[in-house]
Amino acid sequence: MNKILEKEFFSPQVFRMKVEAPEIARKRKAGQFVIIRVSDAGERIPLTIADANASEGWIELVVQAVGKTTTDLSKLSPGDSLHDLAGPLGRPTHIEKHGTVLMVGGGIGIAPAHPIAQAMKAAGNTVVSILGGRSKELVIMEEKMKAASDEVIIVTDDGSYGMKGMVTDAIQKLIDEGRKIDLVIAIGPPVMMKFVSLLTKKYDIHTLVSLNTIMIDGTGMCGGCRVSVGNESKFVCVDGPEFDGHLVNFDEMMQRLSMYRDQEKESIDHACKLGLR
Amino acid sequence: MEKKELTNKERLAIPPQKMPEQGPKERIGNVNEVPYGFTEEMAVAEAERCLQCKNAPCIKGCPVEVNIPVFIKFIAERKFREAVAVIKETNVLPAVCGRVCPQEEQCQKPCTVGKSLKSVDKAVQIGKLERFVADWEMNQAGSESPSIKPSTGKKIAVIGCGPAGITVAADCRRAGHEVTIFEALHKPGGVLAYGIPEFRLPKKIVGREVDNLVSMGVELRTNMVIGKIYTIEELMAEGYEAVFVGTGAGLPMFLNIPGENLNGVYSANEYLTRANLMQAYSFPNTDTPIARASNVAVFGGGNVAMDSARTALRLGAKNVYLVYRRSHEEMPARKEEIHHAEEEGVQMNLLQNPVRFIGDDKGWVKAVECLRMELGEPDDSGRRRPVPIKGSEFTIDVDVCIVAIGNASNPLIPHTTPDIQTNKWGNIIADPETLKTTKKGVFAGGDIVLGAATVILAMGQGRKAAQAINEYLATGAW
Ligand SMILES: Cc1cc2nc3c(=O)[nH]c(=O)nc-3n(C[C@H](O)[C@H](O)[C@H](O)COP(=O)(O)OP(=O)(O)OC[C@H]3O[C@@H](n4cnc5c(N)ncnc54)[C@H](O)[C@@H]3O)c2cc1C
Ligand SMILES: Cc1cc2nc3c(=O)[nH]c(=O)nc-3n(C[C@H](O)[C@H](O)[C@H](O)COP(=O)(O)OP(=O)(O)OC[C@H]3O[C@@H](n4cnc5c(N)ncnc54)[C@H](O)[C@@H]3O)c2cc1C
Ligand code: SF4
Ligand code: SF4
Ligand code: FES
């Protein structure tokens with residue numbers, strides 16, 4: 001049982017949670033995730049390790065409550081425990097000195113971008129971070145990202161904070177300014193990652209994306225997380241979660257993410273009806 | 001009054017006892033176990049069919065050489081406790097094996113009674129008798145734990161809590177070692193928990209066996225993916241003097257044909273894991289969804305395919321087609337499963353092979369195109385090779401497809417432990433007698449060594465590995 005140590009809401013839907021997990025904290029590397037269950041009848045869901053402290057023995061998760069499991073999780077308080085926690089899973093981000101690394105985080109995707117920015121900076125890169133959100137309150141972890149980057153650019157769809165527009169507009173602007181970019185790492189909603197990849201492909205800038213497919217075991221046993229990467233089927237949980245954005249078939253991936261849309265609604269409606277929430 | 005000894009002729013005249021079971025119509029509406037089990041009277045009558053052959057050919061048919069005539073004689077004498085004890089000398093999971101062993105290929109195949117009556121179907125039903133006594137024991141209060149030798153202070157890590165790992169843990173614990181099982185999933189049991197459905201193997205049986213291990217003092221750590229949280233090297237550095245790898249064959253194979261990533265196309269592992277381990281049967285009372293479909297095609301002809309097809313029926317499918325590229329005779333599934341599947345209405349599409357999946361405009365599978373096959377010359381496996389008939393394409397309308405063509409080995413452990421050698425299929429290479437791998441102190445067995453095999457073979461290897469581990473820890477000799 002892994003005890004919850006802290007919980008804080010960034011916005012009505014987005015919260016961070018510090019969880020006691022000494023073994024995972026010691027072992028995890030940037031880019032890895034965990035799989036959790038909230039109850040014995042619960043689903044297994046993957047969440048990125050947004051931060052960790054090996055000496056204090058905790059990991060931090062940043063979660064957007066979008067459906068049944070993430071909402072159940074948002075109801076837990078410090079002192080409660082997760083029912084199950086397995087990890088660290090997935091391959092860590094390959095960290096080396098590239099030169100200038102552009103970290104693009106959209107919405108909740110800023111959380112997984114954070115440890116990667118930290119590691120890239122520690123490896124001697126110049127880290128420029130673009131944080132995007134629909135509106136000001138959805139731009140999270142600004143201070144932490146500032147600490148992990150040389151420069152932070154904020155973009156909101158509605159212009160309520162920073163530059164008005166999409167993260168791709170900010171990338172285009174940097175390119176137009178003649179900034180040399182050696183690597184782009186984009187993490188966020190699949191559509192965002194798709195359009196970032198389409199843009200950087202035009203300029204031949206190597207781009208990594210971190211995919212958030214539906215998963216169950218997270219060990220390569222079920223194949224439910226498979227995506228087409230350069231016409232090959234890959235398992236996101238063991239071969240990823242990071243892939244070359246120029247090779248990922250995003251349309252297929254988005255289709256697969258919608259596989260259980262009706263049942264996801266049924267699940268949360270059912271919980272409401274029973275008065276569970 | 002002393003009962004008169006039956007003559008062989010009288011024994012051969014006793015009809016095989018028919019185990020009562022849920023009717024096909026009723027059972028596809030629930031997930032309860034299909035056969036109810038023998039009553040005591042039936043078990044005794046079945047046991048009396050055994051001729052107590054001097055050479056006991058049945059024993060040689062059993063991979064772990066259960067002393068079959070002896071346990072059956074005890075059943076005939078209603079000495080059930082003694083019967084279980086005999087089985088448990090070589091088989092720690094009789095309630096499981098009695099249910100899932102392919103008996104018609106193993107112990108019952110060479111049985112003299114079956115041979116005399118010219119049909120393996122009329123052999124003494126050894127598996128069903130094994131199940132009977134194991135269930136009988138479970139229903140007795142206070143069945144005693146096996147005795148455990150004084151502590152040796154030596155630590156053993158068992159990776160994977162499937163039948164192989166369970167066997168090793170039990171045998172090594174009995175020898176007085178400290179045993180820790182590391183299991184990747186949240187629930188122990190391996191395929192017995194996530195793959196084989198409730199209606200064939202009730203999960204409480206598996207749960208009870210695992211509880212026994214824990215009450216013997218085995219430490220069970222779930223949610224531990226070895227290779228990720230710890231490598232084998234790190235476990236050894238933490239003081240585990242021997243490591244057993246029993247991680248199974250959990251890497252689903254796909255057909256590699258167009259459209260395989262459409263929505264609604266599952267690997268059998270995913271479909272069965274959702275249904276069994278995650279209890280999608282009970283959705284929305286449980287949280288994990290599974291696609292509910294009217295028309296389901298399953299590809300394959302083994303136990304995994306039968307389990308998938310029968311699960312689909314229980315999830316409400318109207319038509320379930322089992323698409324297999326060879327003929328009925330070559331199907332590798334247990335006979336009883338094929339029989340049960342047919343009774344339940346699974347449609348056998350034999351000598352057919354899928355060539356592509358066709359999706360609708362929302363990316364959901366709507367049909368599968370197949371080719372008809374005919375049987376040509378025998379291949380390496382000795383079975384006749386299916387060859388496609390040119391121009392025989394046709395389509396089947398479906399809304400869910402399940403690919404059940406087999407499992408390869410999960411590379412997680414070999415990748416993170418480079419000094420463990422694997423063969424070209426990715427199976428760990430281990431000595432067949434001692435189950436020693438190429439790395440000192442590391443043993444491996446079960447499906448990770450054999451490729452997708454059977455429960456009893458995995459246990460048989462576990463048993464041998466435990467013996468070798470106990471010896472290695474006593475002498476230090478590799
Ligand atoms: C490697 C990885 C890392 C992730 N990291 C984070 C993170 O740090 N923070 C965060 O908020 N979210 C993260 N996600 C997404 C998160 O797992 C889903 O939001 C969550 O599973 C939704 O579950 P639910 O029951 O609340 O919602 P549901 O109503 O079940 O689903 C909402 C949407 O989430 C997706 N989803 C559903 N079930 C799963 C599942 N079992 N696995 C993955 N996705 C699913 C689907 O697209 C679905 O439409 C990550 C996903 C992956 C694969
Ligand atoms: C659907 C299905 C039906 C079957 N039906 C039958 C049948 O009727 N009769 C029969 O005899 N056989 C049957 N089999 C085959 C039989 O189940 C297997 O041969 C047997 O379970 C193998 O045992 P094992 O202990 O080697 O591995 P498994 O049972 O596969 O157990 C391996 C365990 O290791 C865990 N693991 C994997 N990787 C790691 C890791 N890195 N760290 C920690 N843990 C890990 C897994 O989660 C799993 O729990 C069936 C198989 C399937 C899939
Ligand atoms: S071969 Fe058949 S009849 Fe002979 S001892 Fe074995 S079970 Fe009994
Ligand atoms: S373990 Fe399996 S093969 Fe051996 S006697 Fe029992 S049912 Fe038969
Ligand atoms: S989640 Fe099952 S294989 Fe990736």
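Below, read A as the first sequence line, B as the second, and so on, with proteins coming before strands; counting in each chain starts at 1.
Looking at A:Ile35, A:Leu89, A:Asp217 one by one, the single match for side-chain contact (heavy atoms from CB on, under 4.5 Å) with B:Val225 turns out to be A:Leu89.
Ring geometry, B:Phe254 versus A:Phe235: the interplanar angle exceeds 60°, so the pair is classed perpendicular (tilted spans 30 to 60°).
For A:Lys29, the NZ atom counts as loosely surrounded, since its 6.0 Å shell holds 12 or fewer non-hydrogen atoms of other residues, nucleotides or ligands. Counting non-hydrogen atoms of neighbouring residues, nucleotides and ligands closer than 6.0 angstrom, the NZ atom of B:Lys203 exceeds 12 such neighbours.
B:Leu262 CG to A:Arg256 CZ: the interatomic distance, rounded to the nearest 0.5 Å, is 8.5 Å. A distance of 12.5 Å separates CE in A:Met221 from CG in B:Leu412, rounded to the nearest 0.5 Å. Note that OH of B:Tyr271 is 14.5 Å distant from SG of A:Cys222, once rounded to the nearest 0.5 Å.
B:Asn261 and A:Ser233 make their closest contact through ND2-OG, 3.2 Å (heavy atoms, listed as atom of the first residue, atom of the second, distance). Shown here for B:Thr288 and A:Gly42, the closest heavy-atom pair between the two residues is OG1-O, 4.2 Å. Scanning all heavy atoms of the two residues, the minimum distance from B:Pro284 to A:Ser267 falls at CB-CA, 4.4 Å.
In this structure, no portion of B:Leu272 lies under 4.5 Å from any heavy atom of chain A. Looking at B:Phe283, only its side chain comes within 4.5 Å of chain A, counting heavy atoms on both sides. In this structure, the portion of A:Arg26 lying under 4.5 Å from any heavy atom of chain B is its side chain and not its backbone. For a residue to count as touching a neighbouring chain, one of its non-hydrogen atoms must lie under 4.5 Å from one of that chain's; by this rule A:Val38 does not touch chain B. Neither the backbone nor the side chain of A:Ile36 comes within less than 4.5 Å of any heavy atom in chain B. Residue B:Lys187: no heavy atom, backbone or side chain, is found under 4.5 Å from chain A. Within the 4.5 angstrom heavy-atom criterion, atoms from both the backbone and the side chain of A:Glu23 approach chain B. Contact of B:Val265 with chain A is made through backbone and side chain together, with heavy-atom distances under 4.5 Å.
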Side chain to side chain contact (heavy atoms under 4.5 Å, CB included) evaluation trace for A:Ile24 with B:Ile229 = CA-CA 7 Å; A:Ile24 299 176; B:Ile229 184 80; 3.9 Å; yes
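Comment: B:Glu260 does not engage A:Arg226 in a salt bridge, judged by the lack of any side-chain N to carboxylate O separation of less than 4.0 angstrom.
Between A:Ile216 and B:Leu277 there is no side-chain heavy-atom pair separated by less than 4.5 Å. Using a 4.5 Å heavy-atom cutoff, the side chains of A:His83 and B:His186 are not in contact. At least one side-chain heavy atom of B:Trp364 sits less than 4.5 Å from a side-chain heavy atom of A:Met259.
Heavy-atom pairs under 4.5 Å with chain A were tallied for B:Leu251, B:Thr273, B:Asn410; the largest tally goes to B:Asn410. Among the candidates A:Asp40, A:Thr219, A:Ile45, the residue making the largest number of heavy-atom pairs closer than 4.5 Å to chain B is A:Thr219. If you tally non-hydrogen atom pairs under 4.5 Å between each of B:Glu270, B:Met224, B:Met278, B:His415 and chain A, the highest count goes to B:Glu270. Put simply, of B:Gly227, B:Pro411, B:Gly363, the one with the most heavy-atom pairs under 4.5 Å next to chain A is B:Gly363. Looking only at heavy-atom pairs under 4.5 Å with chain B, the residue among A:Arg44, A:Glu266, A:Glu252 that has the most is A:Arg44. Considering only heavy-atom pairs separated by less than 4.5 Å from chain A, the leading option among B:Gly250, B:Ala268, B:Pro289 is B:Pro289. Ranked by heavy-atom pairs under 4.5 Å with chain A, the list B:Val403, B:Asn269, B:Thr222, B:Asn263 is led by B:Asn263. With respect to chain A, the highest number of heavy-atom pairs below 4.5 Å among B:Ser267, B:Gly264, B:Pro252, B:Ala280 belongs to B:Pro252. Counting heavy-atom pairs under 4.5 Å between each of A:Ser39, A:Ser258, A:Pro88, A:Ser228 and chain B puts A:Pro88 at the top.
A distance-only check finds a donor-acceptor pair linking the side chain of B:Lys228 to the backbone of A:Gly90 [under 3.5 Å].
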